[in-house]
Amino acid sequence: MSSRRKFIKKAALGSVALSAFSACGVQASNATTAPKEAPIKTAKKPLIISTWNHGLAANQATWEALNAGKSGLTAIEKGLNISEADPKVRSVGYGGLPDREGKVTLDACIMDQNSDCGSVSFLQGIKHPISVAKKVLEETPHVMLSGQGALNFALSQGFKEENLLTPESEKAWKNWLEKSKYQPVINIENHDTISMLVIDKDGNLTGGCTTSGAAWKMHGRVGDSPIIGSGLFLDNEVGAAAATGLGEAVIRTAGSAMVVELMRQGLSPNEACKTIVERIYNKHKNHKDMPYLQVGFIAINKQGEYGGYSLRGGFNFAVCDADNGNRMEKPDFKMTWKDK
Ligand code: SD4
């Protein structure tokens, strides 16, 4: 049987009846390692998946918003606002690690079932870039606003300008300045962007992504996270995908758009994420000199199947659905951080 036909068969078997919308409490925070051939996982809709541990709190807020009848866009905004406001999350919003000039610069984007999207990049002084990205979608004829223009737009929409550099992040920056060496620590300094994908009870997809980007980046650097097709992409007929990790590597391969296209061709979310990670690995012949090269993808297809895959171990994502609650899952990966 062709893989596409197998896919269609699995999809038919996997489709689930909609059921009562119950609470999505945190059930387990201990991630387990996926077996080598990760099985296709299907969850009852609605389903939310978000990158990294702080995805749990974000998922919870998104779940509550969906439960209260909010749209996918508003539910994603509510969830991502939690990570943006949390100073302990050092790769997103308030408290995010700054660039090499000590400036916190933020990237975010959001996309809905109609392929409407909004994005901001290189935004400074606004705690909730995902909310500004949503306003770009709703209030402008454009998709992306950047830098001072994005800030001016945010202020015109009533957002408040504030200092986002917390004493802890300022201290970390000053420590970094002593050596000023650009060698991101894998899975720590550089890889805590929150990307969230939602499939609602009617099977409609929404996605969002928000980050302070790579710590100690050059001033003005923009990563994959605000770029529709790189850090995030969805096609409501097929599925949704999002990325975390080294943005330059994701941009080079149009990562999230490719994951969605592979799902269109019949690959499962796991297989599609894995294929793109392999491609990124193969495109970076110098990966031995890049011990910080890490990328991770998450994906959902229209049937509610979900999955992820990363280049190196250490990546995890939070999954929330009515049957199994809100929990962490660890996807399969290509290599450990020690592998060359
Ligand atoms: C970037 N992809 O700016 C982002 C970084 C990231 O967790 O994922 N951080 O390259």
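What you are looking at is a predicted structure, and each value in this text was computed from that prediction instead of being measured. Counting starts at 1 for both ligands and their atoms, in listed order. Each residue takes its place number in the sequence, starting with 1.
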What I want to know is whether [X] and ligand 1 share at least one N or O pair that is separated by under 3.5 angstrom.
X      : answer
Asp224 : yes
Gly247 : yes
Asp107 : no
Gly245 : yes
Ser91  : no

Start with the C-alpha gap between Lys70 and Glu77, add the side-chain angles, then the distance that decides, and say whether side chain to side chain contact (heavy atoms under 4.5 Å, CB included) holds. CA-CA 10 Å; Lys70 303 288 183 207; Glu77 178 188 21; over 6 Å; no
Salt-bridged, Glu168 to Lys171, with N to O below 4.0 Å?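 Salt bridge absent between Glu168 and Lys171.
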Salt-bridge present (Arg252, Glu248; N to O < 4.0 Å):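 Judged by the 4.0 Å cut-off on N to carboxylate O distance, Arg252 and Glu248 do not form a salt bridge.
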Short list, please: which atoms of ligand 1 are under 4.0 Å from a heavy atom of [X]?
X      : answer
Ala214 : 3 (O)
Thr244 : 7 (O), 8 (O)
Arg221 : 1 (C), 3 (O), 10 (O)
Gly213 : 3 (O)
Asp192 : 7 (O), 9 (N)

Scan side-chain atoms only and decide if [X] and [Y] contain a donor-acceptor pair under the 3.5 Å cut-off.
X      : Y      : value
Asn282 : Glu278 : no
Thr206 : Asp200 : no
Glu64  : Asn67  : no
Thr193 : Thr244 : no

For residues Tyr94 and His128, establish whether the separation of their ring centroids is below 6.0 Å.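 No.
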Taking non-hydrogen atoms only, is Ser225 closer than 4.0 angstrom to ligand 1 via side chain, backbone, both or neither?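 Side chain only.
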